[in-house]
Protein chains: 2
Amino acid sequence: MARTQAERRADTRDRLLQAAAARFAADGIDGASIDAIADDADRTSGSVYAHFGSKEGLLLALLDSWKNDVAVAATAEMATAPTMPGRLAALWRNFADPPNDGAHWVQLEHELWLYATRHADARDQLADRYRDIRRTVRDEMGQWRASGDITPPVADDVLGALLVALLIGLEMQHRLDPDAIDERVALAGLAALLGVTEPTEVMT
Amino acid sequence: MARTQAERRADTRDRLLQAAAARFAADGIDGASIDAIADDADRTSGSVYAHFGSKEGLLLALLDSWKNDVAVAATAEMATAPTMPGRLAALWRNFADPPNDGAHWVQLEHELWLYATRHADARDQLADRYRDIRRTVRDEMGQWRASGDITPPVADDVLGALLVALLIGLEMQHRLDPDAIDERVALAGLAALLGVTEPTEVMT
DNA sequence: GGCTTTATATAGCCTCCGCTATATTTCTCT
DNA sequence: AGAGAAATATAGCGGAGGCTATATAAAGCC
C-alpha cells in the first residue's frame with residue numbers, strides 16, 4: 001500500500017468518528033459499545049484506545065469534529081426557495097424529516113446535549129457550538145430584515161436563540177407525534193417570530 | 001406494625017418510583033442501576049423485580065405515574081403575578097431554575113424523551129402527555145385572549161405547541177449557557193408568540 | 001533489505017449490573 | 001396462636017462491555 005502513516009491514521013480516525021456518530025445516535029451514548037463502533041469502522045477496539053484513550057475521549061473528539069453539515073445544507077437549500085413561506089417550509093422539513101443520514105444528526109444532537117448536561121467540559125464545547133449557531137441565524141435574519149423580507153417583533157440579538165429554541169422544541173414534539181406537529185404548526189410559529197404576515201396560502 | 005399488606009405494597013411502590021425518578025434524572029436511565037434505586041428507596045433490588053418485573057417495567061410504570069406536578073405548580077404561581085410580563089417571567093423561572101427538586105423534573109423529561117425515541121410504547125405514552133400539556137396551555141391561552149390580556153398572532157390550536165416548543169428549546173440552551181439565554185430572551189420570545197406589546201419595563 | 005517506529009489487531013481481565021432462585025419477614029384469616 | 005399467603009431480602013449467576021497488555025502488520029529510514 002502506498003499510504004503514508006499519517007494518511008492511514010487519519011483514515012482510521014475518520015472511520016472511527018463516523019462510526020461513533022452513527023452508533024451513538026442509534027443506540028445512545030451508553031448503549032453503544034466500543035466493539036460495535038470499531039466493527040462499524042472495520043477496525044477493532046484496540047485502535048479506538050490507541051486513538052482516543054477512552055470512550056469519553058472518543059466522545060469529546062466527536063464533539064469537537066462534529067460540524068453539523070446538515071445545518072449548512074439546510075440554509076443553502078432554504079435560499080433556493082423563492083417565497084418566504086417556501087423558505088421556512090424548507091427549513092422545517094430539513095429539521096423534521098431530514099434527507100438521507102440527516103436523521104441520525106438530530107438524534108445525536110440530543111444525545112450529546114444530555115451528555116453535556118452531566119459533564120462540564122462537554123457542556124462548554126456544546127455551548128460554544130450553540131452560540132455559533134445562534135449567531136449565524138441572527139446574522140442571516142438580520143439580512144432578511146434589512147431587505148424587508150421579514151419584520152420580526154423582537155430584537156435581532158434574541159432572534160437567533162428564539163428561532164433555534166422553537167425549532168428544537170417543535171422537532172421534539174414532532175418526533176413523538178408527527179401528525180400533531182406538522183408543517184402548518186411550524187410555519188405559523190416561524191412566521192410569528194419573524195413577522196411574516198402570511199401573504200397567501202402556502203403552496204406545497 | 002399495623003400496616004395492611006396493600007399499604008405496605010403501595011408504600012414500597014411509591015418509594016421505588018420516586019427513587020427511580022431521582023436516579024434516572026441524576027445518572028441517566030442507562031446509568032442508574034437497579035441496586036442504587038432500591039437503596040435510595042430503602043429497599044432491595046428484589047423488591048423492584050417483584051413490583052415491576054424488569055428495569056423497563058419500572059420505567060414504564062414511572063412514565064405512567066409521572067404527572068408533572070411542577071407544571072401544575074408553575075401555572076398556579078403564574079396566576080398570582082398581577083402584570084402579564086410578571087406572569088411570563090414566573091413561567092420562565094419555573095422552567096429555567098425550578099425551585100427545590102424541580103430541577104430533576106426537567107432532566108427526567110429529557111431522559112424519558114430520548115428513551116421514548118427508541119421504544120414505541122414509551123413514545124405513545126409520552127405523546128399522550130404532551131398532547132395533554134398542549135391542550136392545557138391552549139385552553140389557558142384561549143382564556144387570556146378572550147379577556148384581552150394577550151393577542152397572539154397565531155391561531156389558538158397551534159399556540160400550545162409553539163409555547164411548549166419555545167420553552168423547551170430555550171431551557172435546553174439555557175442549560176448549556178445560562179448567561180446567554182436569560183430572562184430577557186425568554187420574555188421577548190413569549191411576548192412575541194403571545195402578542196404582548198411589552199407595556200413598560202419589567203419590574204424584577 | 002534489514003532495523004526502528006508507528007499503527008492496528010488479539011486475547012483476556014475485571015467490574016458492573018440486570019436478573020433469578022430462594023430464604024426470611026410481615027401480614028391475613030380462622 | 002398458627003398455618004398459609006403476600007411482600008421483601010439475600011446471594012449469586014451470567015453476560016456485557018470498558019479497558020489493558022501484548023502480538024502482529026504496515027510504513028519510514030538508511
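Protein chains get the first letters and strands the later ones, always in sequence-line order, with residue 1 at the start of each.
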Subject >> Minimum side-chain heavy-atom gap E109(A)-Y130(A) below 4.5 Å >> reply: yes
Original post:
In whole angstroms, how far is the C1' atom of dA16(D) from the CG atom of D30(B)?
Top reply: 12 Å
**OP:** Salt-bridge test for R129(B) and D132(B): reply yes if a basic N is under 4.0 Å from a carboxylate O, no otherwise.
**Re:** no
Original post:
Are OP1 or OP2 of dA7(D) and a side-chain N or O of R8(B) less than 4.0 angstrom apart?
Top reply: no
Original post:
Any Lys/Arg nitrogen of D156(B) or R145(B) sitting under 4.0 Å from an Asp/Glu carboxylate oxygen of the other?
Top reply: yes
Subject >> Protein-nucleotide distance (D11(B), atom CG; dT26(C), atom P), rounded to Å >> reply: 14 Å
Subject >> Test: R123(B) cationic atom under 6.0 Å from W113(B) six-membered ring centre, within 45° of axis >> reply: no
Original post:
Between R134(B) and D177(A), does at least one N-O distance fall below 4.0 Å, as a salt bridge requires?
Top reply: yes
**OP:** For the pair D11(A) and R43(A), find out whether any cationic side-chain nitrogen is under 4.0 Å from an anionic carboxylate oxygen.
**Re:** yes
Original post:
Residues in salt bridge (charged side-chain N to carboxylate O under 4.0 Å, His left out) with R23(A), at least two apart?
Top reply: D27(A), D40(A)
Subject >> Selection: residues 16-26 of chain B, any non-hydrogen atom under 4.0 Å of DNA chain C >> reply: none
**OP:** Identify, between G31(A) and R13(B), the residue whose nearest nucleotide on DNA chain D lies closer to the 5' end.
**Re:** R13(B)
Subject >> Flag for W92(B)-E171(B): side-chain donor and acceptor within less than 3.5 Å >> reply: no
Original post:
Atom CD1 of I29(B) and atom C1' of dG18(C): how far apart are they, to the nearest Å?
Top reply: 15 Å
Subject >> Any residue meeting salt bridge (charged side-chain N to carboxylate O under 4.0 Å, His left out) with R13(B), in chain and number order, not counting sequence neighbours >> reply: none
Original post:
Among residues 37-58 of chain A, which residues get a heavy atom nearer than 4.0 Å to DNA chain C?
Top reply: D42(A), R43(A), T44(A), G46(A), S47(A), A50(A), H51(A)
Original post:
How long is the line joining CD1 of I34(B) and C1' of dT20(C), in whole Å?
Top reply: 13 Å
**OP:** Tell me which nucleotide among dA26(D), dG18(D), dT8(D) gets nearest to the side chain of S33(A).
**Re:** dG18(D)
Provide a list of protein-nucleic acid N or O atom pairs under 3.5 angstrom, restricted to nucleotides 28-30 of chain C.
{"residue": "dT28(C)", "atom": "OP1", "partner": "T4(B)", "partner atom": "OG1", "Å": "2.4"}
{"residue": "dT28(C)", "atom": "OP1", "partner": "Q5(B)", "partner atom": "N", "Å": "3.2"}

What side-chain donor-acceptor pairs closer than 3.5 Å can you find for residues 48-63 of chain B, not counting sequence neighbours?
{"residue": "S54(B)", "atom": "OG", "partner": "E56(B)", "partner atom": "N", "Å": "3.4"}
{"residue": "S54(B)", "atom": "OG", "partner": "G57(B)", "partner atom": "N", "Å": "3.0"}
{"residue": "K55(B)", "atom": "NZ", "partner": "I29(B)", "partner atom": "O", "Å": "2.9"}
{"residue": "K55(B)", "atom": "NZ", "partner": "A32(B)", "partner atom": "O", "Å": "2.8"}

**OP:** With Q5(B) as reference, evaluate E7(B), R9(B), R8(B) under the side chain to side chain donor-acceptor pair (under 3.5 Å) test and give the passing residue.
**Re:** R8(B)
**OP:** Provide, to the nearest angstrom, the distance between the CG atom belonging to D35(A) and the P atom belonging to dA9(C).
**Re:** 12 Å
